[in-house]
There are 2 protein chains.
Amino acid sequence: MATSGQDVTQDDVARAAGVSRSLVSLALNGSPKVAEETRRRIAETADRLGYRVNAAAASLARQQSRTIGLVLPNLRNAFFEQIAHTLGDATSAGDLALFVTVGSEQPEVLHRAIESLLSVRVMGLILVSPWLPDEDLIAIGEEVPVCLIGRRSPGGRVDSVRVDEEAAARLLIGHLTGLGMRSVGYVGPRVVNDTSRFERESALRRAARATGLTLDVRECDEDAGPAVRDLLQAHPEPLGLVIHNDILAIDAVPVLRETDRHPGTDVALVSYDNTYLARRGEFSLTSVDQPEDVLGTTAVRLLRERADDATTRSRDVVLEPTLAIRDSSDPAGSASGH
Amino acid sequence: MATSGQDVTQDDVARAAGVSRSLVSLALNGSPKVAEETRRRIAETADRLGYRVNAAAASLARQQSRTIGLVLPNLRNAFFEQIAHTLGDATSAGDLALFVTVGSEQPEVLHRAIESLLSVRVMGLILVSPWLPDEDLIAIGEEVPVCLIGRRSPGGRVDSVRVDEEAAARLLIGHLTGLGMRSVGYVGPRVVNDTSRFERESALRRAARATGLTLDVRECDEDAGPAVRDLLQAHPEPLGLVIHNDILAIDAVPVLRETDRHPGTDVALVSYDNTYLARRGEFSLTSVDQPEDVLGTTAVRLLRERADDATTRSRDVVLEPTLAIRDSSDPAGSASGH
DNA sequence: CTGAAAGCGCTTACAG
DNA sequence: CTGAAAGCGCTTACAG
């Protein structure tokens with residue numbers, strides 16, 4: 001694109017193009033006040049000189065940066081990757097930059113990461129299923145526009161986008177009872193402060209109760225295998241197994257293989273997120289699909305709106321999930337056949 | 001920590017503490033020119049007022065930012081998460097911030113991400129196994145200090161840290177021949193421009209040849225299963241299976257389970273990265289361990305040195321790998337028993 | 001050990 | 001449609 005002088009400034013461009021410094025700024029930012037022909041000439045000169053805006057200077061002058069910060073709880077879930085990609089596209093389409101920060105179990109590390117983001121005066125923060133308590137989120141919301149993904153807004157100035165957990169629970173329970181399952185077991189991660197975990201669990205409990213079933217809950221650590229084994233032993237009757245997410249659900253696959261229970265009739269395995277793991281032939285998991293693209297673009301939109309008007313009341317956008325049905329619950333494909 | 005005024009500046013702190021603006025700056029940056037007692041009083045005032053440095057302004061004034069950019073090829077490998085965490089620790093220990101960018105198969109997206117990083121004038125860039133051609137890396141190195149992880153430096157002003165692929169290959173091949181394997185198959189991802197893939201493959205080939213074996217290479221897409229099945233069919237003799245990384249290697253596990261070949265005697269499965277997937281009981285993979293912490297801290301150090309002296313010749317730090325031996329190659333534990 | 005002053009590169013009213 | 005000027009919040013010689 002250009003010969004790169006170490007640090008070309010707008011001054012250099014202005015001089016080379018024979019115009020004033022401010023005109024360069026206006027032209028490069030696509031102001032309508034600049035004649036098209038002039039704009040083109042300036043853009044060309046900038047390109048030739050290898051000019052690249054100094055984001056630090058721009059942020060400072062504009063009192064507002066053009067980057068948004070994404071805070072992920074970890075990288076162990078392909079769902080997060082999807083979100084990161086979607087947001088990458090959504091932001092660059094909106095001429096914004098995206099910086100990702102990877103959380104940690106240690107709140108201290110997380111807070112430091114958020115501090116860095118605030119120090120660069122990001123335009124806004126998107127937090128995916130954060131482990132922080134409500135009051136922390138509200139406090140951060142006082143400093144900068146915040147949008148949560150996958151967790152209900154705690155109020156304050158914080159927005160959120162998420163999939164309807166009640167609807168997801170009804171989809172799963174409906175699917176399982178439709179297959180003739182008589183009990184439902186749920187395996188979730190043993191994590192403190194994981195609101196999403198508890199929302200999911202109670203939604204499932206309500207949906208199960210509504211159809212006259214009870215929900216048997218187990219917690220697991222890194223490996224969901226033992227919890228699944230437990231549930232199988234406790235429930236000789238046809239059992240629906242709901243696992244908190246795909247990555248944990250794959251632990252259930254070898255466990256089921258060891259047993260003599262028939263997939264689809266004696267036992268049915270379902271999970272959440274519908275990531276590439278669920279789609280793999282070896283696993284073929286029935287899984288709740290979250291529309292990552294809609295989640296991502298909505299989050300960016302909410303952030304923008306809040307950046308323009310910080311007083312906006314907290315909003316909570318709820319999306320409808322769908323269910324991707326696969327072999328793990330329905331090997332014959334009878335359900336998808338309808 | 002503090003009552004947060006929307007945007008407290010050093011000016012406010014100076015006024016509140018009854019000192020000059022520059023003294024605040026010096027004190028907050030820990031300059032030895034400031035009396036300890038004064039420093040403490042200023043720090044306290046800053047805290048009370050909820051002061052947070054404006055990184056944009058600081059970068060601009062200092063002509064150099066305190067953040068480094070990490071570019072990951074994707075998030076599908078737990079090894080990348082390890083690296084991200086290690087770097088997070090290493091940077092915050094060095095009072096730097098870390099911004100992560102997640103790559104994409106599309107070079108265009110990747111270039112845009114790198115552009116954002118360059119726009120904020122990052123102190124340096126760490127790229128993990130990048131898919132970019134050598135000349136692109138060298139070009140980026142002209143603009144900013146660059147350190148590669150997991151890929152040999154292409155020269156120019158670019159540094160690198162990586163594990164010795166030749167040594168890793170010798171470890172694996174040695175382990176497999178020690179178990180009595182007569183052939184070695186390698187499964188790697190079908191990716192264009194993945195230098196690490198080719199380095200690994202040719203190192204294995206050399207190591208195999210050195211012990212009188214040949215290496216049978218297969219490519220795979222998302223699922224390594226079919227390639228593994230191929231290799232098993234082609235090699236009825238005791239076969240060592242080397243898979244490019246843990247996440248692909250777990251695809252081999254169910255395939256091996258289907259066959260009647262005995263793990264440890266008829267077939268031995270090994271891979272790279274030694275992530276949490278390899279450690280899981282269900283998989284228990286023998287895997288080449290890369291010392292993420294050393295990789296990370298070394299990368300940060302190299303970047304720092306290059307930031308101080310951009311003319312430094314390209315450096316290539318090579319680390320010794322170790323092999324974590326598990327059931328997938330040695331179910332009896334005979335090897336680890338030594 | 002401390003303060004006054006210039007400057008980092010950009011944006012944005014303001015005046016023409 | 002274009003330019004001169006002020007200012008964003010910080011750092012850093014420089015002079016005391």
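By convention in this document, chain letters (A, B, ...) are assigned in the order of the sequence lines, proteins followed by strands, and residues within each chain are numbered from 1.
Per the geometry, CG belonging to Leu28(B) stands 16 Å off P belonging to dG9(D), to the nearest Å. Rounded to an integer number of Å, the gap from CD of Glu37(B) to C1' of dT2(C) is 14 Å. What separates CZ of Arg21(A) from C1' of dG9(C) is a distance of 8 Å, to the nearest Å. Computed from coordinates, the Arg41(A) CZ to dC1(D) P distance equals 14 Å when rounded to whole Å. Following rounding to the nearest Å, Gln64(B) (CD) and dC10(D) (P) show an atom-to-atom distance of 18 Å. The interatomic distance linking Arg15(A) (CZ) with dG3(D) (C1') rounds to 16 Å, in whole Å. The interatomic distance linking Arg66(A) (CZ) with dC8(D) (C1') rounds to 16 Å, in whole Å. Between Asp12(A) atom CG and dG9(C) atom P the separation is 9 Å, expressed in whole Å.
The Lys33(A) side chain lies nearest to dT2(D) when the options are dT11(D), dC8(C), dT2(D). Closest to the side chain of Leu23(B), out of dT2(C), dG3(D), dT11(D), is dT2(C). In this structure, of dC10(D), dT11(C), dA4(C), it is dC10(D) that holds the atom nearest to the side chain of Tyr51(B). Listed candidates were dT12(C), dG9(D), dC10(C). Nearest to the side chain of Leu26(A) is dT12(C). Taking the side chain of Ala61(A) as heavy atoms from C-beta on, and the options dC8(D), dG3(C), dC1(D), the nearest nucleotide is dC8(D).
Across the strands present, dC1(C) finds its partner in dG16(D); the criterion is a Watson-Crick or G-U wobble pair with both atom distances under 3.5 angstrom.
Contact annotation: Thr38(A) reaches the phosphate of dT2(D) (side-chain N/O to OP1 or OP2, under 4.0 Å). Applying the 4.0 Å criterion to OP1 and OP2 of dT11(C), one finds that Asn29(A) has a side-chain N or O inside that range. In terms of phosphate contacts, Gln10(B) brings a side-chain nitrogen or oxygen within less than 4.0 Å of OP1 or OP2 of dT11(D).
Taking the nucleotide of DNA chain C with the nearest heavy atom to each of Ala58(A) and Ala35(B), the more 5' of the two is matched to Ala35(B). Ranked by how close their nearest DNA chain D nucleotide is to the 5' end, Leu60(B) and Ser22(B) are led by Leu60(B).
In summary, of the residues considered (Val146(B), Leu302(B), Ile140(B), Leu127(B)), a side chain to side chain contact (heavy atoms under 4.5 Å, CB included) with Val158(B) occurs for Val146(B) alone.
At a threshold of 4.0 Å, the pair Arg112(B)-Glu115(B) does not count as salt-bridged, since none of the basic side-chain nitrogens sits closer than that to a carboxylate oxygen. We find that Arg152(B) and Asp134(B) are not joined by a salt bridge, their nearest charged nitrogen and carboxylate oxygen being 4.0 Å or further apart. Under the 4.0 Å criterion applied to side-chain N and carboxylate O atoms, Arg40(B) and Glu44(B) are not assigned as salt-bridge partners.
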Q: Apply side chain to side chain contact (heavy atoms under 4.5 Å, CB included) to Arg151(B) and Arg162(B), showing your working.
A: CA-CA 6 Å; Arg151(B) 171 167 169 180; Arg162(B) 58 199 174 90; 5.9 Å; no
Q. Given the rule in the side chain to side chain contact (heavy atoms under 4.5 Å, CB included) test, do Trp131(A) and Leu110(A) qualify, once you have shown the distances and angles that lead to the verdict?
A. CA-CA 10 Å; Trp131(A) 291 330; Leu110(A) 182 53; 5.6 Å; no
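Within 4.0 Å (heavy atoms only), Gln63(A) reaches sugar-phosphate atoms of the nucleic acid but no base atom. Residue contacts shown for Ser25(A) include a base, since a base heavy atom lies under 4.0 Å away.
For a distance-only test at 3.5 Å, the side chain of Ser20(A) fails to qualify as a donor-acceptor partner of the base of dA4(D).
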